[in-house]
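Shown next, in structure tokens, is the structure this report addresses.
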Amino acid sequence: MKTFTIDELARFIDHTNLKPTATREDMRLLCNEAKDYHFKMVAINQVQSELCSDLLKDTDINIGAAISFPLGQTSIASKVAETKDAIKNGATEIDYVINITEVKEKNWNYLQGEMEQIVAICKENEVISKVIFENAYLEDEEKIALCEIAKQVKPDFIKTSTGFAPSGATFEDVKLMKEHVGPEVKVKAAGGIRDAQTFKKMIACGAERIGTSSGIAIIEALKQEAVNGTITI
């Protein structure tokens, strides 16, 4: 078990608004909330990268662009171009969705090549890389195979879900991913994490980043639960 301050727990959170209807005013609100609560990142659609970069200028809050979102069904060249454009426009983290068709075809060389190209661009630009598996559509052996690829390629994170599939993060998936990826790659849990108890259990299972649109409610609940300003998980 480990003890965290409220600020340390807030820094687990990728504060999320990936709605297709999100306006510029919604982005301003998202960024202001991220500043107020000192969240780690704002998770946004790629097209919002420049706006959020401007809104979060001179802060330590990262701008996380979603790439090939939410289906992952674009070519490697498209994902590479989208990644480069996001970074050019201020993104400091990249969350890209794998090609699930190629998982089902067991085309592991393709998936490794996709991961290598996107992660390489991120490393060249000192940008954090996250690989979204979208576990709702995968069998355990497919998740494990992707973890084995990630162990070789070494993105910063592997991630459970987009939040747009039939189901999101599960405790079992976080444990499975962490077990098979080892200490060199971190795990992000996302999708359906809406309360403080789920948030804490995801961390206990091995998640080192949490994607959620409920970050404010979670932190406010943790403040009420805290003893001397700290929470033990």
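- Atom CG of L176 is separated from atom CG of D173 by 6.5 Å, given to the nearest 0.5 angstrom.
- Atom CD of residue E208 and atom CG of residue D156 lie 11.0 Å apart, to the nearest 0.5 angstrom.
- Scanning both residues, T162 and P70, for their nearest heavy atoms gives CG2-O, 3.6 Å.
- Within 6.0 Å of NZ on K178 lie more than 12 heavy atoms contributed by other residues, nucleotides or ligands.
- By the criterion of side-chain heavy atoms lying less than 4.5 angstrom apart, applied directly or through intervening Ile, Leu, Val, Met, Phe, Trp or Tyr residues, F133 is not grouped with I144; the two fall into different hydrophobic clusters.
- Surrounding CD of Q224 are at most 12 heavy atoms belonging to other residues, nucleotides or ligands under 6.0 Å away.
- Residues V181 and C147 come closest through the heavy atom pair CG2-O, 4.0 Å.
- Scored by the salt bridge (Lys or Arg N to Asp or Glu O under 4.0 Å) test, D54 finds no partners at all (sequence neighbours excluded).
- Taking 4.5 Å as the limit, every side-chain heavy atom of R11 sits out of range of all side-chain heavy atoms of Y37.
- Taking NE2 from H15 and CG from N62, the interatomic distance works out to 14.5 Å, rounded to the nearest 0.5 Å.
- Environment of NZ in K84: sparse, with no more than 12 heavy atoms of neighbouring residues, nucleotides or ligands closer than 6.0 Å.
- A donor and an acceptor atom, one from each side chain of E82 and S68, are nowhere located under 3.5 Å apart.
- Interatomic distance, CD of E148 versus NE2 of H180, reported as 7.5 Å (0.5 Å rounding).
- Residue pairs meeting the ring pair (Phe, Tyr, Trp, His ring centres under 6.0 Å) criterion with at least one member in residues 58-78, sequence neighbours excluded, are F69-F164.
- The two atoms that bring Q46 and I67 nearest to each other are CG-CD1, 3.8 Å, heavy atoms only.
- Using a 4.0 Å cut-off between charged side-chain N and carboxylate O, K104 and E142 make a salt bridge.
- For the pair S161 and G168, the tightest heavy-atom approach, listed with the atom from each and the gap, is OG-C, 3.2 Å.
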### Task
Could you please spell out the steps behind the side-chain hydrogen bond (donor to acceptor under 3.5 Å, both in side chains) verdict for T16 and S213?
CA-CA 5 Å; T16 304; S213 57; over 6 Å; no
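- Linking ILVMFWY residues whenever their side-chain heavy atoms come closer than 4.5 Å, directly or via other members, places I233 and I218 in the same cluster.
- In this structure, K88 places its NZ atom where only 12 or fewer heavy-atom neighbours from other residues, nucleotides or ligands lie under 6.0 Å away.
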Donor-acceptor contacts under 3.5 Å from residues 189-207 side chains, at least two apart:
from, atom 1, to, atom 2, distance (Å)
D195, OD1, Q197, N, 3.1
D195, OD1, T198, N, 2.8
D195, OD1, T198, OG1, 3.0
D195, OD2, T198, OG1, 3.1
Q197, OE1, K200, NZ, 3.4
Q197, NE2, E225, OE1, 3.4
K200, NZ, E225, OE1, 3.4
K200, NZ, E225, OE2, 2.3

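- With hydrophobic clusters built from ILVMFWY side chains whose heavy atoms lie under 4.5 angstrom apart, L146 shares a cluster with V185.
- In this structure, H38 and D60 have side chains that are in contact, with non-hydrogen atoms separated by less than 4.5 Å.
- The hydrophobic cluster containing I132 does not contain F157, counting ILVMFWY residues as joined when their side-chain heavy atoms lie under 4.5 angstrom apart, directly or transitively.
- When atom types are taken as modelled, the side chain of D95 and the backbone of A66 share no donor-acceptor pair closer than 3.5 angstrom.
- The heavy-atom pair separating G90 from S53 by the smallest distance is CA-OG, 3.7 Å.
- Placement of I13 and I128 in two distinct hydrophobic clusters is found when ILVMFWY residues are connected by side-chain heavy-atom separations under 4.5 Å, directly or transitively.
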### Task
Give the C-alpha distance, both sets of side-chain angles, the deciding distance and a yes or no for side-chain contact (heavy atoms from CB on, under 4.5 Å) between F39 and I219.
CA-CA 10 Å; F39 293 134; I219 293 300; 3.8 Å; yes
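- Counting only distance, with no hydrogens or angles, the side chain of S214 and the backbone of A217 share no donor-acceptor pair below 3.5 Å.
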### Message
Between T160 and M177, is the side-chain contact (heavy atoms from CB on, under 4.5 Å) condition met? List the steps.
### Response
CA-CA 8 Å; T160 61; M177 292 165 76; 3.7 Å; yes
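- Ionic pairing of K143 and D140 is present here: one or more N-O contacts between side-chain nitrogen and carboxylate oxygen are shorter than 4.0 angstrom.
- Sorted by first and then second residue, the salt bridge (charged side-chain N to carboxylate O under 4.0 Å, His left out) pairs with a member in residues 12-26 read D14-K130, D14-K188, D14-R209, E25-R28; sequence neighbours excluded.
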#### Entry: Chi angles and distances behind the salt bridge (charged side-chain N to carboxylate O under 4.0 Å, His left out) call for K159, E134
CA-CA 8 Å; K159 177 176 168 184; E134 199 64 293; over 6 Å; no
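- Rounding to the nearest 0.5 Å places OG1 of T230 at 11.5 Å from CG of L222.
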Can you give me every donor-acceptor pair (side chain of residues 108-122, partner residue at least two apart or in another chain, under 3.5 Å) with its distance?
from, atom 1, to, atom 2, distance (Å)
Q112, NE2, E116, OE2, 3.1
E114, OE1, N99, N, 3.4
E114, OE2, K79, NZ, 2.7

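- Under a 4.5 Å side-chain heavy-atom criterion applied to ILVMFWY residues, the cluster that includes L56 comprises M27, L30, V42, I44, L51, L55, I61, I63 as well.
- The OG1 atom of T92 sits 8.0 Å away from atom CE of M41, with the distance rounded to the nearest 0.5 Å.
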### Task
Under the side-chain contact (heavy atoms from CB on, under 4.5 Å) rule, what do T74 and V97 come out as? Steps first, then yes or no, please.
CA-CA 9 Å; T74 54; V97 188; over 6 Å; no
